[in-house]
Amino acid sequence: MPRTKTTAVPTKARTYRGTRLEDRQAERRQRLIDAGLACFGSAGYQGSSVRAVCAEAGLTERYFYESFPHSEALLCAVYDNLIERLLQRAVAAVNDASPDPVAMARAALEVYYAFNEDPHIARVTHFEILGVSEQVDQRYRRAMDSFAALIEQAMQPAALTPPAGVQIPLVTTGLVGATVQITMQWFLSGYRLPRDAVLSSALSLFEAVIAHSRKAAPRGKRNLRHS
């Protein structure tokens, strides 16, 4: 007797009121990330319990542990989310301002300072992220490396030539450090200065580096632009 061929029936995704389980989980996770930003940005990471985050999100602790094993994992998710958003905006702004390096630096700084004018964001990305654990510190260093690479990208279209012995990766790392320190001081002062003044002050450092590199470039390369 010939065997009957059977066709596998695809497993139907579990739904509740028309919404898939995966979508509900993703929505709850995002609510916890938003709540983490609100709590860590106001009471601080150490001052925010899982219960407080859940209350802010309007969820029970059961749903917290559905998405995160502990508070540190939530802090990393909040930080990663913020850095991803900031980098996306900064990269778009730099590309739109290309190829002039000063315009590209200004565009990146405008995005950066507008983003960090939110005190919750500035507190999490510049203070609460520091000194939690080696894993979190590595995340912070990777983010700083990404911003340094973006600055280096802004210098390349102008064919800038650093003076002898000067290493551009170290210079761009220094510019990131200066930008971060300016932001920290701005935050600690209660945003006393207007954003334009802060931006202009930071931009002056970039302009000095760019001008110095142009001065060191061979005469034939000073006005070179890539298409």
Side-chain angles (χ1 to χ4, degrees), residues 79-80 82-127 129-130 137 139-227:
Y79 183 71
D80 289 347
L82 292 172
I83 294 302
E84 181 180 0
R85 285 162 52 193
L86 177 56
L87 273 173
Q88 286 177 347
R89 297 178 192 181
V91 168
V94 165
N95 289 337
D96 287 345
S98 180
D100 179 67
V102 173
M104 293 167 78
R106 176 184 290 276
L109 290 172
E110 284 177 344
V111 168
Y112 174 77
Y113 286 117
F115 195 73
N116 282 287
E117 202 164 19
D118 182 327
H120 289 82
I121 291 176
R123 179 169 180 174
V124 170
T125 57
H126 290 76
F127 297 92
I129 198 66
L130 301 176
D137 287 346
R139 262 184 163 79
Y140 176 79
R141 289 193 293 269
R142 284 198 299 269
M144 296 304 102
D145 288 344
S146 296
F147 289 119
L150 182 61
I151 295 173
E152 189 169 353
Q153 173 193 337
M155 293 185 172
Q156 288 175 352
L160 301 179
T161 302
V166 173
Q167 300 297 312
I168 285 295
L170 294 180
V171 172
T172 56
T173 297
L175 288 172
V176 169
T179 302
V180 166
Q181 288 297 318
I182 288 172
T183 307
M184 294 173 78
Q185 182 58 38
W186 190 36
F187 172 87
L188 291 172
S189 72
Y191 296 96
R192 181 173 56 83
L193 293 173
R195 191 205 311 164
D196 287 346
V198 175
L199 190 154
S200 296
S201 299
L203 183 61
S204 68
L205 302 176
F206 287 75
E207 290 173 329
V209 169
I210 292 168
H212 193 49
S213 297
R214 280 174 167 163
K215 186 177 180 180
R219 184 179 299 274
K221 292 187 178 182
R222 291 184 186 177
N223 296 317
L224 180 63
R225 294 288 186 276
H226 290 296
S227 58

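We count residues from 1, following the sequence as given. Values below: all heavy atoms of this structure, side chains included; hydrogens, waters and symmetry mates excluded.
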Compare every heavy atom of [Y] with every heavy atom of [X], then report the nearest pair and how far apart it is.
| X | Y | answer |
| --- | --- | --- |
| Val180 | Tyr112 | CA-OH, 3.8 Å |
| Ala93 | Ala107 | O-CB, 3.6 Å |
| Val176 | Ile151 | CG2-CD1, 3.5 Å |
| Val111 | Ala90 | CG1-N, 3.8 Å |

Practice task
Check for a donor-acceptor pair, side chain of Ser204 on one end and backbone N or O of Ser201 on the other, with a separation under 3.5 Å.
Solution key: yes
Exercise for the section: Check salt bridge (Lys or Arg N to Asp or Glu O under 4.0 Å) between Glu117 and all other residues, then give those that pass, not counting sequence neighbours. Expected result: Arg195
Is any side-chain heavy atom of [Y] closer than 4.5 Å to one of [X]?
| X | Y | value |
| --- | --- | --- |
| Tyr79 | Thr125 | yes |
| Phe187 | His126 | no |
| Gln153 | Leu150 | yes |
| Arg139 | Asp80 | yes |
| Arg106 | Leu199 | yes |

As an exercise, state the distance from [atom1] of [X] to [atom2] of [Y], rounded to the nearest 0.5 Å.
| X | Y | atom1 | atom2 | answer |
| --- | --- | --- | --- | --- |
| Leu175 | Glu152 | CG | CD | 11.0 Å |
| Tyr113 | Asp196 | OH | CG | 12.5 Å |
| Leu86 | Leu82 | CG | CG | 8.5 Å |
| Thr183 | Tyr191 | OG1 | OH | 8.5 Å |
| Leu109 | Phe206 | CG | CZ | 4.5 Å |
| Met104 | Ile210 | CE | CD1 | 9.5 Å |

Let me have the donor-acceptor pairs involving side chains of residues 140-148, under 3.5 Å, with sequence neighbours excluded, atom names and distances please.
residue	atom	partner	partner atom	Å
Arg141	NH2	Glu134	OE2	2.6
Ser146	OG	Arg142	O	3.1

